[in-house]
Amino acid sequence: MATPYKSLLSIFCIGFVFAFLHLTIPSVSAQGSAVEDPPAIQEEEAEEKAEREEEKSEKPSKQEGEKSPGADEQDKSDPDQAKPEQENAQPENKDDETEKSEDDDQKTEDESAGNQKDEGAEPRRTRSGSTIRSVTARRRNSKTSPEFAELFQPVVASASASTAIVYAGRRQIAMGTVVDSDGFILTKASEMRDDLKCKLADGNSYSASVYGVDPVTDLALLKIDANNLPSVEWSNNPTPAPGRWVATPNHENEAIAIGVISVNEREILPSRPFIGIQMRPTENNAGVRINQVIPDTPADRSGILINDIVVKLDDIDIPDRETLVDSLGQYTIGDVATLTVKRGDKKVKIRLVLADEENKNPQFDRTRQQNSMGSTLSKRRKNFPLAFQHDSMLDAKNCGGPLVDLDGRVVGINIARDGRVSSLALPRSIVDPVIARLKTGEFSPAVVNAEKLKKVDAQLKEVYAKLEELPGKRTELERKVGIADAKKEELEKMLKDIETRLKMIEEKSSGDRTELKSVDKELKIINSAKRRLESKRKDLQAGSQ
């Protein structure tokens, strides 16, 4: 099987891919040492070089003074710098010609930039065509271009027949790998949803059920009602070394992603569960006091407040910050935990779902922004016992399918898009045992998630009990609120009447006050007249005239 693929590669790739290898991704290991090509490729490359040398020796040399193509154009564009020896110079081989063309293009671009600065002169146009062609060639030979992907079509042909697309309803959620002709398809467990369907390379779609799951590797084994399926062909070699090319096929005989292995197999450590609080110690180790709640985190959404004192995490006493941090390490992302906090004189239990620190902690904002540029990362992209890294630009929904080498054999299962230029694949060494375990039927989701289901069922029981209790309580409260509203309305009416009467009294009182002032004034005048008249009467009685 491998020989036809190598023959096709020798036709499509050797003279094309490796000539531009230095323009795309350098074949260098993680330690910086060069990685040799496979022996067969080295032999074919040597044969091609010998053919080029033979053609060179048979080709007649140009006569002295004969100009190379394009020399007249160079003379017209820059007569002061034209030199005969440059006109007669020829590249020694195709690689040299390519390098010279690129150097000349760069020189022309620099000269054009300089001309634009001088007196507003327009840039030279004589070499712009070759510059555009050179840029176009680079893009065409980029590993993300359709033209480059076509070169790998013979490589992915075999694995493509064993590749499936996994849907939840109408939405693609993952890819799958046919690992058994009796309808067993391996895929990414954390993406599984209801209403699963698998579309195969023959165009047929089948309803699928989750036959088994392995939380450690995040693999799930699906079962469809089909047989005589083309099972995947595994490579018998160890995981390819860093610098080797790999490709990800789809079910339509296409390479949807191409890359180079960048890091050897290693353990991928988990992200830390995250609550979303900042805290400080309390006196006498009586818990940890919360001094900040980070927005849009589990703590924020669950109603934790500043100055709450955390005293328990589930059944674990929390005397200090270190205990809380260590205790959180026993949980995984997505677990439901209950915090007991002291709020004033009361203790309040708060349930929250632990988040991924890399997704929610503001300290990772810059990293998240860089990683999310032009890509969708997997929800679970950490915590794998063994995985190797390659730089294929996979989408999250394209994980779960096979990853092949240049022989077209499967070397691993793509398990996560971890970063902008980082994808992870599980090697065969850990995939094979998982497949064997899951095919026993003893690791169904109900069995594997029994403890979590039990915990969720207990929480649902509490929720259902509250749903039964709260409607009656709500009705009673509505009745009380209605009575209170009626009393309030009555009192408001009474208050309005009192205010009206008070206003009338104030108006009447104001008139009486005015009249009182008038009476007082009149009384004063009369008393004055009285005193004057009494004085005059006394004078008259005394004989005064």
Side-chain angles (χ1 to χ4, degrees), residues 5 8-9 12-13 16-17 24-25 139-168 170-179 185-188 191 197-205 222 230 232-235 240 244-262 371-379 381 387-426 431:
Y5 296 127
L8 287 169
L9 282 175
F12 292 104
C13 298
F16 189 66
V17 177
T24 56
I25 297 295
R139 292 175 179 171
R140 184 171 61 250
N141 296 316
S142 167
K143 64 177 182 177
T144 59
S145 70
E147 294 85 355
F148 194 84
E150 287 180 6
L151 298 176
F152 283 79
Q153 185 173 358
V155 174
V156 301
S158 177
S160 180
S162 304
T163 302
I165 304 298
V166 183
Y167 293 90
R170 297 182 178 180
R171 183 171 65 92
Q172 179 184 340
I173 57 174
M175 296 182 70
T177 306
V178 178
V179 294
I185 298 175
L186 198 66
T187 188
K188 184 171 173 64
E191 299 295 337
K197 293 181 178 62
C198 291
K199 186 174 183 180
L200 304 183
D202 59 9
N204 292 321
S205 295
L222 305 182
V232 70
E233 296 182 17
W234 292 96
S235 172
R244 298 302 188 188
W245 289 93
V246 287
T248 297
N250 64 6
H251 67 309
E252 296 178 336
N253 198 25
E254 297 173 334
I256 59 173
I258 300 165
V260 173
I261 295 178
S262 49
N371 281 337
S372 61
M373 292 173 62
S375 64
T376 303
L377 304 184
S378 299
K379 288 185 295 185
R381 54 186 183 271
F388 60 90
Q389 180 178 323
H390 56 99
D391 65 358
S392 303
M393 298 184 69
L394 282 177
D395 219 18
K397 67 181 181 180
N398 292 328
C399 293
L403 183 72
V404 303
D405 59 13
L406 290 182
D407 290 332
R409 301 300 181 105
V410 176
V411 295
I413 300 296
N414 286 317
I415 198 60
R417 176 68 182 272
D418 184 41
R420 186 170 58 88
V421 289
S422 172
S423 296
L424 300 175
L426 301 176
V431 173

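Between I413 and P402 the shortest heavy-atom distance is CD1-CA, 4.2 Å. Contact detail for D391 and G259: the closest heavy-atom pair is OD1-CA, 3.1 Å. Contact detail for N253 and A157: the closest heavy-atom pair is OD1-CA, 3.0 Å. In terms of heavy-atom proximity, F152 sits nearest to A247 at CD2-CB, 4.1 Å. Contact record, A257 with S392: CB-CB, 4.0 Å, taken as the closest heavy-atom pair. The shortest non-hydrogen separation linking I185 to V178 is CG1-CG2, 4.1 Å.
In this structure, CD1 on I165 lies 15.0 Å from NZ on K197, to the nearest 0.5 angstrom. Atom OG1 of T163 is separated from atom CD of E252 by 11.0 Å, given to the nearest 0.5 angstrom.
Here the rule is side chain to side chain contact (heavy atoms under 4.5 Å, CB included) with P240, and of L406, I261, D407 only I261 fits it.
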Derivation and outcome, side chain to side chain contact (heavy atoms under 4.5 Å, CB included), residues W245 and V155: CA-CA 11 Å; W245 289 93; V155 174; over 6 Å; no
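When side chains are defined from C-beta on, V166 counts as touching L222, because their heavy atoms get closer than 4.5 Å. A heavy-atom distance below 4.5 Å is not found between the side chains of K397 and I173. Considering only heavy atoms from C-beta on, N414 stays 4.5 Å or farther from M175 through its side chain. At least one side-chain heavy atom of I415 sits under 4.5 Å from a side-chain heavy atom of K188. W234 has its side chain within reach of V431: a pair of non-hydrogen atoms, C-beta onward, lies under 4.5 Å apart.
With hydrogens and angles ignored, the 3.5 Å screen pairs a side-chain donor or acceptor of S160 with a backbone N or O of N250. With hydrogens and angles ignored, the 3.5 Å screen pairs no side-chain donor or acceptor of S162 with any backbone N or O of T177.
Every residue was checked against the side chain to side chain donor-acceptor pair (under 3.5 Å) condition with S378, not counting sequence neighbours, and none meets it. For K199, there are no salt bridge (charged side-chain N to carboxylate O under 4.0 Å, His left out) partners two or more places apart in sequence or in a different chain.
T248 and N398 form no side-chain donor-acceptor contact under 3.5 Å, judged by distance and modelled atom types alone.
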